[in-house]
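Here is how names work: the chains are called A, B, and so on, in the same order as the sequence lines, proteins then strands, and each is numbered from 1.
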Amino acid sequence: MTPPANEPSTERSLNFIEQIVEEDISAGLHDGRVLTRFPPEPNGYLHLGHAKSICLNFGLAQRYGGLTNLRFDDTNPVTEDTEYVDSIKDDVRWLGFDWAQELYASDYFDQLYAFAEALIEKGLAYVDDSTAAEIAALKGSPTVPGQPSPFRDRSVAENLDLFRQMKAGAYPDGAKVLRAKIDMASPNMHFRDPIIYRIKHAHHHRTGDAWCIYPMYDFAHGQSDAIEQITHSICTLEFIPHRPLYDWFIEQLGIFPSKQYEFARLNLTYTVMSKRKLKRLVEGGHVTGWDDPRMPTLAGIRRRGYTPDSLREFCERIGVAKRDNLIDVGLLEFCIREELNRTTHRVMAVVDDQPIKLVLTNYPEGQEEIMHIENNPEDPDSGTREVPFGREVYVERDDFMEVPPKKYFRLAPGQMVRLKGAYIVRCDEVIKNGAGEVTELHCTYIPESKSGQDTSGINVKGTIHWVSVAHAVPAEVRLYDRLFAAENPAMEEKEMESDDDNAFLSLLNPNSLVVVKGMVEPNLAGRAVGERVQFMRKGYFTVDVDSTPNQLVFNRTVTLKDAWAKETKKS
RNA sequence: AGCUCGAUAGUAUAAGGGUAGUACAACAGAUUUUGGUUCUGUCUGUCUAGGUUCGAAUCCUGGUCGAGCUACCA
């Protein structure tokens, strides 16, 4: 296989893994074949960090005419479950990738077992009767060499016999383990006779009760790669110390020489990415579930309204390297805005628990007009929609100030604004209730200023959105913001030096979800779940699954950039 | 602590001995019936000390700082 004709290296610079692959291809390694794998453990939901890995693995294969396997790393039956298998497959497909084969490490249990016996026969593995505590005690520390286990020098025949009995179920959990016999003094702790098989009388989600011994990660992953003839096995930095072991097993077993390469995992500002912490958020009820739109899970981010394209673009932009990184969540937001600006239709929604009613005193009572408003100024082919207009419209409280500051271009006593797609109006009178709160604004509209046929000659600086009182459709609007108030929650938790596992919960953003009533234009009635729109001047929103035929629920995917908010923050 | 990995604008990421570039962010202006979009412009960077070299972000040595590993998890 050769790279695509349109030389990819000219579009952007290669990351270090692409460089390795290109070197391997031009060296003729494996006849230029590229086979990667994405190896999730089916014990949790995929998140943005996995998205980076998926885009890397599948993207690499696509780019170099190769393939990618989806392989579930299911060697620990007590934590894994089919429930996760299905969600993981959904997420990968949703991101836009197809795997060559759906495989499971458990497919290889027979083969892996045979590898273990082969190692025993070479005198490179032994059965150890020590307890976990005893093994740990003899392991030494990075500065102190380990001591050999009293069982280290059992004969091949005895080891083989014991191991077969382990497999046959002769021993309870923890009674014995199989260990590789390498070097108890190695500076690499993974070389101090690592455990490669342990006894677990547990039901496996695929193999059922066929096995009561299960291989450890180090004795399963590299071998699985080799069995599949994976050419480039890509994982995160914390596996670097495992690589010598990975290579050692492959060499001792004389199997296909897959190679492991490591990249730095994704960290995002204002969120956490560890499975453990995400699980805690769900189980502690701090979010509504794995698919809560504030979660960095693919399920959550999808429900939030993000698109697969925007995520792939994000993964492309963050790059791949070996240094630790903390990506500004603003880049993710940029990627989704960029796409949604191009693709979504504009609609008007007054998102406010207490909107202000605007009464056009000189507009004939009972009269209605249909305004034709363009769906998307970025897309000339997107057409127009019909929006009913009348004597009374709702506007947002934010769009009126009784005493406006300088450069406030919205409604204020005596000030004029354009109602988007309709008329210019002037605010004449402010009506308040007993509590002194503004309830209505009495305005006059300029009949000659109708949108598209404006002969009034009046120039206004501000345009605001509105919804006809007579036609407004009520909706629930969920305004989401970053889940954490701290830029780097994982790091701050570490700095707290608390032994409390839940310390990071104190960093949650109390305002990450604000539910507000909305009045939306009738156009929106009956929109399907997952549809995306821009609420003009507010942000991008998507119809949530919680919607019912009588009640639309919108999730805010992301706000629009807001130069005015920035301006007011300054002063 | 030992071993391993890493260090380029605020955040990421290029430059592989020869002009430090790109994106996001920030800032300023223009356009705008979204304070959106678009366009233009501006700002900020090679951790440190030596060495090799005509020339070092790049190669070498020491230091500093950061991260990972030290599970019968993956």
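- The partner of B/A9, taking Watson-Crick or G-U wobble pairs whose two distances both stay under 3.5 Å, does not exist in any strand shown.
- Contact detail for A/P215 and A/T75: the closest heavy-atom pair is O-CB, 3.4 Å.
- Comparing B/U58 with B/G18, their P atoms sit 11 Å apart, to the nearest whole Å.
- Within the structure, every side-chain polar atom (N or O) of A/R346 is placed at least 4.0 Å from both OP1 and OP2 of B/U37.
- The aromatic ring of A/W564 is stacked on the base of B/G35, with the two ring centres less than 5.5 Å apart and the planes inclined by under 30°.
- Neither OP1 nor OP2 of B/G68 sits under 4.0 Å from any side-chain N or O of A/K322.
- Taking atom P in both B/U22 and B/G41, the straight-line distance is 11 Å, to the nearest Å.
- Minimum atom distance to the side chain of A/M216 is reached by B/A74, of the listed B/U70, B/A74, B/C24.
- Side-chain atoms of A/E487 and base atoms of B/G10 include no donor and acceptor less than 3.5 Å apart.
- Nucleotides B/C60 and B/G66 place their P atoms 24 Å apart, quoted to the nearest Å.
- For the OP1/OP2 pair of B/C73 and a distance below 4.0 Å, the side-chain nitrogens and oxygens of A/K200 include at least one atom meeting the criterion.
- Considering only side-chain atoms of A/L326, the nucleotide from B/A26, B/U70, B/U11 that sits closest is B/U11.
- Nearer the 5' end of RNA chain B, as judged by each residue's closest nucleotide, is the contact made by A/L331, out of A/L331 and A/E338.
- Pairing for B/A74 is absent, judged as Watson-Crick or G-U wobble with the two contacts each under 3.5 Å.
- Residue-to-nucleotide contacts include no donor-acceptor pair under 3.5 Å from the side chain of A/R337 to the base of B/G36.
- Taking atom P in both B/A74 and B/C69, the straight-line distance is 15 Å, to the nearest Å.
- Within the 4.0 angstrom heavy-atom criterion, only backbone atoms of the sugar-phosphate kind lie near A/T75; the bases stay farther away.
- Across all strands shown, A/G140 has no heavy atoms under 4.0 Å from either base or sugar-phosphate atoms.
- Listed candidates were B/U37, B/A14, B/U33. Nearest to the side chain of A/R323 is B/A14.
- Note: CZ (A/F163) to C1' (B/C72) measures 13 Å, nearest angstrom.
- Taking only side-chain atoms of A/A563, from C-beta outward, the nucleotide of B/G35, B/G2, B/A14 with the closest atom is B/G35.
- Within the 4.0 angstrom heavy-atom criterion, base atoms lie near A/R410.
- The two residues A/K139 and A/M184 have their closest heavy-atom pair at CA-CE, 4.2 Å.
- At the heavy-atom level, A/V320 lies under 4.0 Å from the strands shown only through sugar-phosphate atoms.
- Nucleic acid contact for A/N76: sugar-phosphate only, since backbone atoms but no base atoms lie under 4.0 Å from a heavy atom of the residue.
- A/R537 has a side-chain polar atom (N or O) that falls below the 4.0 Å cut-off from OP1 or OP2 of B/G35.
- B/U4: Watson-Crick or G-U partner is B/A67, with both key distances under 3.5 Å.
- Looking at heavy atoms from C-beta onward, A/I301 lies out of side-chain contact with A/H47 at the 4.5 angstrom threshold.
- Position along RNA chain B of the nearest nucleotide to A/P215 versus A/Q534 favours A/Q534 as the more 5'-ward residue.
- Using a 4.0 Å heavy-atom cutoff across all strands shown, A/P377 reaches at least one base atom of the nucleic acid.
- Residue A/Y540 is classed as having no contact, given no heavy-atom separation below 4.0 Å to the nucleic acid.
- The listed nucleotides are B/G2, B/C69, B/G36; the one nearest the side chain of A/T143 is B/G2.
- Across all strands, A/F239 comes closer than 4.0 Å to base atoms (heavy-atom distances).
- Counting atom types as modelled, A/S451 pairs a side-chain N or O with a base atom of B/U33 as donor and acceptor under 3.5 Å.
- Using a 3.5 Å distance cut-off with no hydrogens or angles, the side chains of A/S233 and A/R37 do pair a donor with an acceptor.
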Fill in the blank from the handout: Nucleotide by nucleotide, nucleotides 62-67 of chain B touches protein heavy atoms under 4.0 Å in the pattern (B base, S sugar-phosphate only, - none) -----S
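- Remark: B/U31 base-pairs with no nucleotide in the shown strands. Criterion, Watson-Crick or G-U wobble with two distances under 3.5 Å.
- Side-chain proximity of A/P142 to the nucleotides B/C73, B/G36, B/G2 is greatest for B/G2.
- Candidate nucleotides B/G36, B/A1, B/C69 were compared by shortest atom distance to the side chain of A/H190, and B/C69 ranks first.
- Rounded to the nearest Å, the gap between the P atom of B/U64 and that of B/A25 is 39 Å.
- With hydrogens and angles disregarded, a donor-acceptor distance shorter than 3.5 Å links the side chain of A/H465 to the backbone of A/A349.
- The aromatic rings of A/H242 and A/H190 lie tilted to each other, with the angle between the two planes from 30° to 60°.
- Between the side chains of A/E80 and A/N43, no donor-acceptor pair is found at a separation under 3.5 Å.
- Among the protein residues, A/G452 comes within range of the nucleic acid bases, having at least one heavy atom under 4.0 Å from a base atom.
- The residue A/T559 sits apart from the nucleic acid: no heavy atom pair falls under 4.0 Å.
- Atom pair A/D399:CG and B/U34:P shows a separation of 14 Å (rounding to whole Å applied).
- Using N1 to N3 plus N6-O4 or O6-N4 for Watson-Crick, or N1-O2 and O6-N3 for G-U wobble, each under 3.5 Å, B/U53 pairs with nothing.
- Look at A/K561 and you'll find a side-chain N or O under 4.0 angstrom from OP1 or OP2 of B/U37.
- Remark: the separation of the P atoms in B/A56 and B/C47 is 15 Å, to the nearest Å.
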Exercise for the section: Give the C-alpha distance, both sets of side-chain angles, the deciding distance and a yes or no for side-chain contact (heavy atoms from CB on, under 4.5 Å) between A/E313 and A/F334. Expected result: CA-CA 10 Å; A/E313 175 67 18; A/F334 167 83; 5.9 Å; no
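- Comparing the same atom, C1', in B/U44 and in B/C27 gives a spacing of 11 Å after rounding to whole Å.
- Out of B/U13, B/U34, B/A74, the shortest distance to the side chain of A/L560 is found at B/U34.
- For B/G62, the paired nucleotide is B/U48, the pair qualifying as Watson-Crick or G-U wobble because both relevant distances are below 3.5 Å.
- Under 3.5 Å, the side chain of A/E378 and the base of B/U38 form no donor-acceptor pair of N or O atoms.
- A heavy-atom distance below 4.5 Å is not found between the side chains of A/F72 and A/E41.
- Comparing atom distances between the A/E41 side chain and each of B/U11, B/A74, B/G35 picks out B/A74 as nearest.
- Checking B/A12, B/A74, B/A23 against the side-chain heavy atoms of A/I327 singles out B/A12 as nearest.
- A/A132 comes within 4.0 angstrom of a base, heavy atoms only.
- Nucleic acid contact for A/F334: sugar-phosphate only, since backbone atoms but no base atoms lie under 4.0 Å from a heavy atom of the residue.
- For the P atoms, the distance from B/G10 to B/U48 is 13 Å, rounded to whole Å.
- Taking the six-membered ring for Trp and thresholds of 30 and 60 degrees, A/F163 and A/Y197 have ring planes more than 60 degrees apart, a perpendicular arrangement.
- A donor-acceptor contact shorter than 3.5 Å is absent between the side chain of A/S468 and the backbone of A/F389.
- Using a 4.0 Å heavy-atom cutoff across all strands shown, A/E262 reaches no nucleic acid atom at all.
- The main-chain N or O of A/Y84 is never found under 3.5 Å from a side-chain atom of A/D81 such that the two would form a donor-acceptor pair.
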